[in-house]
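First comes the structure, then the notes that go with it.
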Amino acid sequence: MIIDEDLLLENGAICEDYEPKTILFKEGDSPHYYFQIISGTVELNNYHEDGKEFTFNILSAGQSIGESLLFSDNNYPMNAVVKTRSQILKLPKSVFLDLIRKDQDITLNFFRCLSDRLYYKYIMLFNNSSADPLTKISCLLNYFKGFSGDKGQFTYHVPFTRQQIANLTGLCVETVIRSIKKMEKQNVVRITNRKIYY
DNA sequence: TCATTAAATTTTA
DNA sequence: TAAAATTTAATGA
């Protein structure tokens with residue numbers, strides 16, 4: 001978790017319930033709030049001219065949304081869409097900035113999270129420039145597994161649909177399906193009831 | 001080889 | 001039970 005939930009509430013954060021498909025903000029909006037997820041998942045995405053979706057990241061409990069935009073005058077370069085029923089804390093940008101100014105521990109922890117995000121961006125950028133779909137997918141799985149803290153083999157349940165993996169890697173669903181199957185043959189992943197274990 | 005299109009089947013809400 | 005997700009198959013770049 002980035003910032004303690006109680007601390008956010010003490011400072012006037014509002015906790016709101018969101019239904020799937022709710023748009024928290026969209027491309028071009030100016031950032032007014034710091035968002036932090038209590039439960040549920042939120043997707044950061046954008047659409048190409050042909051309507052094809054590209055996913056930047058899929059965020060879940062404890063993570064903040066679009067936090068890197070709160071320190072400049074840039075507008076959001078992406079959309080934030082609620083994927084599953086979510087509880088999300090919302091804190092006005094000005095209050096958030098005050099919090100950062102006042103409390104060093106918060107600031108340091110926040111930087112650590114920004115650093116993680118940036119690290120993810122580098123990994124994914126390089127990953128997405130790879131030509132081989134198998135490399136792309138296993139690298140993605142590897143990153144998220146590491147993030148989850150799960151160490152055993154085939155014990156990490158991949159929390160994404162094949163469509164989501166496709167959107168994260170720029171591949172089409174069918175290629176993801178075929179690649180995952182190939183990876184199962186190579187004993188890299190295991191599939192039980194259509195769920196992917198890595 | 002991978003993307004695209006189409007269609008069938010299964011799962012989920 | 002309708003919508004979403006998964007899968008297979010055919011075709012084209």
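Atoms considered below: every heavy atom in the structure, side chains included; atoms not considered: hydrogens, waters and symmetry mates. Letters A, B, ... are given to chains in the order of the sequence lines, protein chains preceding strands, and every chain is numbered from 1.
With rounding to whole Å, A/Ile180 atom CD1 is found 9 Å from C/dT7 atom P. As a whole-Å value, the separation of A/Gln163 CD from C/dA4 P is 12 Å. Taking atom CD of A/Glu19 as the reference point, atom C1' of B/dA13 lies 12 Å away to the nearest angstrom. Atom P of nucleotide B/dA3 and atom CG of A/Leu171 are separated by 5 Å, given to the nearest angstrom. Residue A/Asp132 contributes atom CG, which lies 7 Å from atom P of B/dC2 at whole-angstrom precision. One atom, CZ of A/Phe160, and another, P of C/dA5, lie 14 Å apart when rounded to the nearest Å. As rounded to whole Å, 14 Å separates atom P of C/dA4 from atom CD of A/Glu43. Straight-line distance from the CD atom of A/Gln164 to the P atom of B/dT11: 18 Å, rounded to whole Å.
In this structure, A/Arg194 does not reach the B/dT10 phosphate: none of its side-chain N or O atoms is under 4.0 Å from OP1 or OP2. Here A/Thr161 does not reach the OP1 or OP2 of C/dA4: none of its side-chain N or O atoms lies under 4.0 Å away. Residue A/Lys21 has a polar side-chain atom (N or O) positioned under 4.0 Å from OP1 or OP2 of C/dA4.
With contacts defined as side-chain heavy-atom distances shorter than 4.5 Å, the pair A/Leu114/A/Leu118 does not qualify.
Clustering ILVMFWY residues whenever any of their side-chain heavy atoms sit less than 4.5 angstrom apart, transitively, puts A/Tyr76 in a cluster other than the one holding A/Leu91.
Under the 6.0 Å cut-off for aromatic ring centres, A/Phe144 and A/Phe160 qualify, their centroids lying closer than that. For A/Phe71 and A/Phe110, the ring centers are positioned less than 6.0 Å apart.
Residue A/Arg162 places its side chain closer to C/dT6 than to any other of B/dA3, C/dT6, B/dA6. Set against C/dT7, B/dA3, B/dT12, the side chain of A/Lys195 has B/dT12 as its closest nucleotide.
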